[in-house]
Each structure stands twice: as C-alpha cells, then as structure tokens.
Amino acid sequence: MKLLEQPALDDLLGGLADRGYRLVGPTVADGAIVYDEIRSAADLPAGWTDEQDAGRYRLKRRDDDALFGYAVGPQSWKRLLHPPSVSLFRARRNGEGELQIEPETEEAEPIAFVGVRSCDLHAIAKLDRIFLGGRYVDAAYEARRGRIFVVAVNCGVAGGTCFCVSMGTGPRATFGYDVVLTELLEDGRRGYLADAASERGAELLESLAAREATPEEVAEGDRIVERTADSMGRRLDTAGLPELLAGSRDHPRWEDVAERCLTCGNCTMVCPTCFCTTIEDVTDLTGSEAERRQVWDSCFTIDFTYLHGGGGVRSTPKSRYRHWLTHKLGTWHSQFGESGCVGCGRCITWCPAGIDITEEAAALREEAP
C-alpha cells in the first residue's frame, strides 16, 4: 500500500494522460457532480458533497477540501461503455439511384475512469456479463471496454439513498480496478492510500513519488470505509426476494405505486445496469440518405412492448413498474445469475415522484399474503 501526497495525485493523472488516456472524472456542473473530461486535480469537486433523499439532490459545501467527499451523481460510467446513442450505418443513393450502405466505424479511444465507486465497479461487471459473457459478444462494447483504465475510490461518504452494503457491492472496492484510492484527511493535510490490482496499475504507482503507507495510515483508511458502511441511508432485505416478487403479481401495492409513478423512465436512465435499446431510422428531407441509430430505451415507455397489430403488452403504469422492479430484483437472477441492482440509490434520488425501490420491496414483504 502506497501513500500519495496531494501533489502526487496530479502526477497520477498526468501519468495517465502521458500514456495516452483521456481523463474522465467527477466535476461540478449544473448543480450536480457529473462525469466529464478533466485535466488535473483542480477540476475535481474539492470541498463539495451531496445531500440525497427520495426525489431530492442538492450540493452542499463541506468543511474541508476533500476531492471525493460525495456519494454518486446522476450519471454512471455506463454512458461511456454503452452510449445513449450510436450510429450503426448510413444508407445513400448515388447519382444512378443505387443504394449504398456505409457501416459506421468507431475506433475506441483510451479513457481513464477517475473516481469509480465500488457500486459502479459491480455495475460495470454486470454490463460485461450482458455484453461479453453470452453467446453473442457486442464488438463495439468489447472495443470500448478493452481500452479503459480504472482509478477506483473507496467511499468515505454514504449518500442518503445508498444501500450498497445490503447488495454486497460496497463501499470498499474489491475488484475491477487498476488503481484504488482512499482519501485521508487529517490535520488539514490530504493524502491518498493507493493500491494496484493490475500490472499497468502497479507500473503507474511505481512511477510516482509515493512512499509506503504506515500501519496507522492503513488502519485509518479501514476506519473510513467502515464508518461509511455503518452510515448507509437505506437498507434492502434481499433474503428470498426473487421468490417474494414472483408471488406478488397481484399484490395491491402495485396499484399504490402506479398512482405515483409518472412512467418517465428517469430510473432506467440513471441506473448503471439498465441496458435496453431500440433502433431508430432517420432520413433526410430528400429521401436520398438515411441513418440507423441504436438508442437507449426504457421499459417504462408505452412502445417498449409494442406488438404489430396488438399494441403494447404492458399498457399501464402498474404493469410497467411491476415489470421493472420484478426484473431488477428478481428475474435478473434467473437470467444472469445475480441481482440487477447494485444499491447505488440513483433511481430513488432521481425519481421525480420520490418512489423508493427499497420501500416498495419492504412493503411487498410486510404485506405478503
């Protein structure tokens, strides 16, 4: 375990840039902490934290200058690995009226993800299983995934809607990273415990002005993560949850949530594991050129289950919310061998109606027939 002083963090970021990586990390924009291109530690959200509850998100000043003293914002790393919109091909008519198909070619760029939390590492692993682990591999995803360097951060703060401890996905990063940091703040001095889990991560740390961490510093890092685990804003009882949901199809709670749900799809947009897409075809006004795009879709839209000649299979808010919750916490297990939820709490925070996935699951359990 190494100890990086504050200047060495800039050296770490600079080392990644020198190795050809575009740096993407947390920064403050539009009243939220979002992931965007950064150039140095000066671009990170120094001294900011976030207050989160159902349907509520606010930035707030801390009483120190921590760079990673927040939970998670509205964005996840999914948008860089599985973009919201991707051009698949273009079709054009040449001068003789012949149709020419031009596949879109995308060359994946090397990107360093800076500040990835444990819940999002688990989310990325779930996306890997979906896009890489089956019979058919998504070549575009594989290309993007293969050029990522991950700098993870152990959480020093739990958000008001976090429940990663319940899902076994945090707050300590245990896999899926090249380098992991734990931010230490003591007596006005900031430092970072750093450890590597890959050869390229170890090579990067060896190139920095870092010393061996003392046992006291390692112990302080452990205490920080333990305090975070003890301060989760939410809890979810996962025992027998797939079976509970399978037997709750006609539960009256679905009517209750349907009266509040706007079917806006916010929960699926901010979820780091929702992966559904649809295809859109767009033509120009002359009809001589067209483009086919793959775009994110949501099971909350009325057209998601549209069948030709028969309309939508899930035509009510009740049926769409029931499908989403049952799949995320229940049938995902039979489909992928694990839960589809990582406990990040984004769906709770960014639901305009303040619908809480942990509250709904608890209500189904409490009122089970």
Side-chain angles (χ1 to χ4, degrees), residues 54-55 76 78 82 84 122-123 126-127 129-131 134 161 163 166-167 234 236-280 294-369:
S76 72
K78 174 179 73 173
H82 177 49
H122 281 264
K126 294 180 190 297
L127 294 179
R129 175 169 297 194
I130 292 162
F131 292 115
T161 57
F163 57 102
S166 296
M167 307 309 296
R234 295 291 197 276
L236 178 64
D237 183 358
T238 60
L241 198 50
E243 294 76 16
L244 172 68
L245 291 165
S248 300
R249 174 178 169 77
D250 298 319
H251 198 290
R253 185 70 183 189
W254 301 122
E255 296 287 357
D256 178 86
V257 74
E259 293 180 358
R260 294 173 282 138
C261 179
L262 304 177
T263 65
C264 63
N266 264 22
C267 51
T268 57
M269 285 191 293
V270 298
C271 177
T273 66
C274 280
F275 60 90
C276 291
T277 59
T278 189
I279 297 298
E280 292 182 351
Q294 174 184 280
V295 298
W296 284 358
D297 201 358
S298 170
C299 54
F300 282 92
T301 64
I302 190 67
D303 290 334
F304 186 78
T305 57
Y306 179 82
L307 299 178
H308 179 65
V313 173
R314 289 186 284 272
S315 59
T316 65
K318 169 187 171 181
S319 61
R320 295 201 286 277
Y321 187 87
R322 180 177 60 197
H323 166 77
W324 177 74
L325 183 66
T326 301
H327 184 224
K328 186 66 60 176
L329 300 180
T331 56
W332 196 295
H333 285 272
S334 58
Q335 188 175 9
F336 301 112
E338 58 188 354
S339 174
C341 178
V342 295
C344 67
R346 289 182 176 98
C347 63
I348 304 172
T349 298
W350 296 97
C351 172
I355 297 172
D356 184 338
I357 190 174
T358 65
E359 179 183 322
E360 298 310 317
L364 293 172
R365 186 181 298 278
E366 182 179 348
E367 302 165 10

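Please read these numbers as outputs of a predicted model, since none were measured by experiment.
Phe336 and Trp332 have tilted rings, their planes meeting at an angle from 30° to 60° on a 0 to 90° scale.
Side-chain atoms of Thr278 and Thr301, non-hydrogen and from C-beta on, never get closer than 4.5 Å to each other. Between Trp296 and Thr268, every side-chain heavy-atom pair lies at or beyond the 4.5 Å cut-off. Met269 is not listed as a side-chain neighbour of Trp350, based on a closest heavy-atom distance of 4.5 Å or more. Using a 4.5 Å heavy-atom threshold, the side chains of Thr331 and Pro242 count as separate. Using a 4.5 Å heavy-atom threshold, the side chains of Phe163 and Thr238 count as separate. Inter-residue side-chain proximity for Arg320 and Ile302 is flagged as met; some heavy-atom pair is nearer than 4.5 Å. Residues Leu241 and Arg365 form a side-chain contact, since some pair of their non-hydrogen atoms from C-beta on lies under 4.5 Å apart. Put simply, the side chain of Val270 does not reach to within 4.5 Å of the side chain of Thr349, judged on heavy atoms.
Taking the charged nitrogens against the carboxylate oxygens, Arg322 and Glu360 have no contact shorter than 4.0 Å, which rules out a salt bridge.
Taking all atoms of both residues into account, the shortest heavy-atom contact from Pro272 to Val342 is CG-CG2, 3.9 Å. Heavy-atom minimum distance, Cys267 versus Cys347: CB-CB, 3.7 Å. Residues Cys351 and Ile355 share a closest heavy-atom pair of SG-N, 3.3 Å. Annotation for Asn266 and Pro352: closest pair ND2-CD, 3.8 Å, computed over non-hydrogen atoms. When every heavy atom of Arg249 is checked against every heavy atom of Trp254, the shortest pair comes out as O-CD1, 3.4 Å. Of all non-hydrogen atoms in Ser166 and Leu236, the two that sit nearest each other are OG-N, 3.0 Å.
Proximity of a side-chain donor or acceptor of Thr277 to a complementary backbone N or O of Gln294 within less than 3.5 Å is not detected. Between the side chain of Lys126 and the main chain of Ser339, a donor-acceptor pair closer than 3.5 Å is present. Between the Lys78 side chain and the Cys271 main chain, a donor and an acceptor come within less than 3.5 Å of each other.
Atoms OG1 and CD1, from Thr358 and Ile348 in turn, are 4.5 Å apart once rounded to the nearest 0.5 Å. To the nearest 0.5 Å, atoms NE2 (His323) and NZ (Lys328) are separated by 9.5 Å. From Ile130, atom CD1 reaches atom OG1 of Thr273 across 6.5 Å, with rounding to the nearest 0.5 Å. We find the CE-SG distance between Met167 and Cys344 to be 10.5 Å, quoted to the nearest 0.5 Å. Distance check, rounded to the nearest 0.5 Å: CH2 of Trp324 to SG of Cys276 gives 12.5 Å. With rounding to the nearest 0.5 angstrom, the CG atom of Leu325 is 9.5 Å from the OG atom of Ser248.
For His82 and Phe275, the ring centers sit 6.0 Å or farther from each other.
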